[in-house]
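Note sheet for the following structure.
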Amino acid sequence: MISYTYQILSLKRHNDAFLNNIKSFKIRITGTEGGESHHIDNEILLHMPSAESFIEYQNLTEQKLIDWFCDGINEDMAKSEIQQKFDLNKGTETSSFPWL
């Protein structure tokens, strides 16, 4: 079973209706299984929050960003892409072909 870890790599901030509004963030998702690891990096665009759901920049946590990422199809797509990397790494590569 693949275990996943998440790491925020960077944030893009912009002042608009809210000061220090986070517009996007880059996240690294790493899958590890049996000592083998593969990762992908994604940049997630955030929509303008409502006044009720806005989190002040100084109160923002890495876990909150990870939760936003995991709260939709983004996480499923990332896990599928990492699974493909594991699948591609199975087997033994050879340059000895049956037709030679």
Side-chain angles (χ1 to χ4, degrees):
M1 176 180 222
I2 300 172
S3 63
Y4 296 93
T5 57
Y6 304 86
Q7 176 188 9
I8 303 302
L9 302 176
S10 66
L11 302 172
K12 285 188 182 173
R13 299 186 308 180
H14 179 72
N15 291 331
D16 47 21
F18 301 107
L19 289 178
N20 291 320
N21 189 25
I22 303 300
K23 293 294 186 183
S24 67
F25 62 95
K26 288 183 183 174
I27 186 169
R28 174 167 289 164
I29 305 93
T30 303
T32 304
E33 182 178 49
E36 180 182 349
S37 292
H38 297 283
H39 75 271
I40 60 167
D41 296 341
N42 277 341
E43 185 164 11
I44 306 302
L45 179 64
L46 299 172
H47 300 288
M48 176 62 105
S50 65
E52 300 81 39
S53 66
F54 182 74
I55 298 173
E56 295 290 338
Y57 183 78
Q58 65 272 14
N59 296 328
L60 190 62
T61 65
E62 182 178 37
Q63 188 59 53
K64 187 63 178 170
L65 291 171
I66 291 168
D67 291 346
W68 287 340
F69 173 80
C70 293
D71 219 16
I73 196 164
N74 293 320
E75 183 183 32
D76 291 338
M77 290 173 49
K79 286 183 175 182
S80 176
E81 193 173 332
I82 290 171
Q83 180 65 58
Q84 287 178 13
K85 289 184 176 194
F86 277 99
D87 293 345
L88 286 170
N89 207 33
K90 290 179 182 173
T92 304
E93 189 169 345
T94 182
S95 58
S96 173
F97 306 115
W99 57 85
L100 294 178

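All heavy atoms count here, side chains included; hydrogens, waters and symmetry mates do not. It should be emphasised that the depicted structure is a prediction, and the values quoted were computed from it without experimental measurement. Residue indices begin at 1 and follow the sequence shown.
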> Would you call K64 and D67 a salt bridge, taking side-chain N to carboxylate O under 4.0 Å as the test?
Replying inline: no
> Taking all atoms of both residues into account, what is the closest heavy-atom pair of F69 and A78, and its distance?
Replying inline: CZ-CB, 3.9 Å
> Measuring from I29:CD1 to I82:CD1, what's the distance to the nearest 0.5 Å?
Replying inline: 6.0 Å
> Nearest 0.5 Å, what's the CD-CG distance between E75 and N42?
Replying inline: 11.5 Å
> How far apart are the closest heavy atoms of L45 and S24, and which atoms are they?
Replying inline: CA-CB, 4.0 Å
> Could you state the interatomic distance from CG (L11) to NZ (K23), rounded to the nearest 0.5 Å?
Replying inline: 13.5 Å
>> If I take atom CE from residue M77 and atom NZ from residue K79, how far apart are they, to the nearest 0.5 angstrom?
In response: 14.0 Å
> Within 45° of the six-membered ring axis of Y6 and under 6.0 Å from that ring's centre, is NZ or CZ of R28 located there?
Replying inline: no
> Are L46 and Y57 co-members of a hydrophobic cluster defined by side-chain heavy atoms under 4.5 Å apart?
Replying inline: yes
> Do any N or O atoms from the side chain of K85 and from the backbone of H39 form a donor-acceptor pair under 3.5 angstrom?
Replying inline: yes
>> Atom CD of residue position Q58 - does it have more than 12 heavy atoms of other residues, nucleotides or ligands inside 6.0 Å?
In response: yes
>> Any side-chain to backbone donor/acceptor pair from E43 onto F25? Under 3.5 Å, distance only.
In response: no
> Between the side chain of E62 and the main-chain N/O of I8, is any donor-acceptor distance below 3.5 Å?
Replying inline: yes
>> Just verifying a value: how many Å separate E33 CD and M1 CE, rounded to the nearest 0.5 Å?
In response: 9.5 Å
>> Out of the candidates I66, L65, D41, only one should pair with I27 under the side-chain contact (heavy atoms from CB on, under 4.5 Å) rule; please name it.
In response: I66
> What's the verdict on side chain to side chain contact (heavy atoms under 4.5 Å, CB included) for I2 and Q83, showing C-alpha distance, side-chain angles and the deciding distance?
Replying inline: CA-CA 8 Å; I2 300 172; Q83 180 65 58; 3.2 Å; yes
